[in-house]
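The figures that follow rest on heavy atoms only: side chains count, while hydrogens, waters and symmetry mates do not. Just so it is clear, the model here is predicted, and its values are computed rather than measured. Whatever order the structure lists them in is the order used to number ligands and atoms, beginning at 1. For the single chain, residues carry numbers from 1 onward in sequence order.
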Amino acid sequence: MSDTDLGTLYVVATPIGNLEDMSPRAARLLGEVALVAAEDTRHTSRLLRHLGLSVPMLSLHEHNEAARVEQLDERLQRGESIALVSDAGTPLISDPGFVLVRELRARGRHIVPVPGPCALVAALCAAGLPTDRFLFQGFLPARTGARRQRLEGLVTHQETLVFYESPHRIRDTLVDIGAVFGERRLVLARELTKSFETFLDGSAPALLVRMEADPDQARGEFVVMVAGAEARESSDSASLEADAVIEALLAEGVGVKQAAAVAARLLGGAKKVWYGRAQALKETR
Ligand code: SAM
């Protein structure tokens with residue numbers, strides 16, 4: 001069998017919320033392949049139904065990806081083409097597929113990208129932060145200690161920093177970003193391409209206050225973008241300075257009591273102590 005008789009692996013991006021973002025090419029290919037390898041077949045079957053397609057599917061997720069390589073390669077060698085999709089967006093970007101693509105490329109198989117939605121690109125292109133250089137960090141570690149350590153390692157980077165985050169951890173992550181980056185500007189992109197798409201702009205402490213005032217702002221899926229070290233608008237040092245944080249909160253119109261609560265959460269210590277400090281700073285304004 002010559003190389004041209006082999007099948008192709010198409011790496012197909014799918015919508016991150018708005019089904020109109022499905023490209024005609026991606027839809028056509030999903031209808032033409034012999035098999036769709038999907039992160040979650042139930043999830044992808046909804047997309048296929050929406051497109052009016054009925055295509056055999058096979059699950060490919062982080063727990064079985066390595067074991068699927070031989071099976072999928074055999075099908076390519078039989079001349080069958082395969083589409084790789086994840087639940088949303090571009091496969092391999094904080095999603096399964098890397099092991100498969102690495103192994104198949106090492107074997108010289110034909111792999112074709114079918115580009116489309118990707119949350120980090122969608123977020124960056126509308127955030128108003130520098131995009132000439134950015135550092136995508138995927139998901140931060142789940143535990144606070146490891147998360148702060150990772151953030152501390154990024155504090156001097158000049159590129160715009162980009163993270164993915166879930167609604168369960170968004171507040172904790174903002175607390176840690178505030179503790180490490182202080183007043184550094186960040187942009188929070190929420191529910192991209194969906195009905196409640198929102199971009200919030202401000203320091204981590206200020207955004208936490210916004211979330212306390214409007215808990216809906218903590219719902220949904222997030223891309224967190226932090227200004228790079230040179231691009232930040234504040235000249236404060238990267239380390240957190242308690243007075244600067246409280247002053248910024250007061251300047252945002254946040255009351256003394258709430259500013260003290262945020263300071264206590266960010267920096268530890270008793271709310272009562274921070275209340276006194278916030279009161280004093282307010283009086284000297
Ligand atoms: N492969 C996907 C991509 O191309 O963007 C990312 C998959 S990753 C498992 C899921 C994370 O991407 C979410 O937790 C969130 O951080 C981000 N994300 C996905 N869809 C999003 C959306 N509509 N709005 C904001 N963030 C989104």
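- Residues Phe163 and Phe222 keep their aromatic ring centres 6.0 Å or farther apart.
- Residue contacts with ligand 1, taken as heavy atom pairs separated by less than 4.0 Å, do not involve Glu197 at all.
- Of the possible polar contacts, none joining the Arg190 side chain to the Glu197 backbone as a donor-acceptor pair under 3.5 Å is found.
- The backbone N or O of His61 lies less than 3.5 Å from a partner atom in the side chain of Asn64, making a donor-acceptor pair.
- A salt bridge does not link Glu39 with Arg68: every distance from a Lys NZ or Arg NE/NH1/NH2 to an Asp or Glu carboxylate oxygen is 4.0 Å or more.
- Looking at Ala88 against ligand 1, only its backbone comes within 4.0 Å, counting heavy atoms.
- From the protein, the heavy atom lying nearest to atom 24 (N) of ligand 1 is Leu192 N, 2.8 Å.
- Atom 8 (S) of ligand 1 has as its closest protein heavy atom Ser94 O, 3.6 Å.
- With hydrogens and angles ignored, the 3.5 Å screen pairs no side-chain donor or acceptor of Arg25 with any backbone N or O of Ser23.
- Not a single donor-acceptor pair under 3.5 Å links the side chain of Thr14 to the backbone N or O of Val12.
- A donor-acceptor contact shorter than 3.5 Å is absent between the side chain of Gln137 and the backbone of Leu161.
- The distance criterion of under 3.5 Å between nitrogen or oxygen atoms is met by Ile16 with respect to ligand 1.
- Nearest to atom 14 (O) of ligand 1 by heavy atom, out of Phe222, Tyr164, Phe139, is Phe139.
- In this structure, Asp95 is part of the shell of residues with a heavy atom less than 4.0 angstrom from ligand 1.
- Residue contacts with ligand 1, taken as heavy atom pairs separated by less than 4.0 Å, involve Thr90 via backbone and side-chain atoms alike.
- For ligand 1, the polar-atom distance check against Glu165 finds a nitrogen or oxygen pair separated by under 3.5 Å.
- Scanning all protein heavy atoms for the shortest distance to atom 18 (N) of ligand 1 gives Ala119 CB, 3.5 Å.
- For ligand 1, the atoms lying closer than 4.0 Å to a non-hydrogen atom of Gly89 are 3 (C), 4 (O).
- Counting atoms of ligand 1 from 1 in the listed order, those under 4.0 Å from a heavy atom of Lys194 are 23 (N).
- The protein heavy atom nearest to atom 21 (C) of ligand 1 is Glu221 OE1, 3.6 Å.
- Between the side chains of Ser45 and Arg42, no donor N or O sits under 3.5 Å from an acceptor N or O.
- Between the side chain of Glu221 and the backbone N or O of Leu192, no donor-acceptor pair lies under 3.5 Å.
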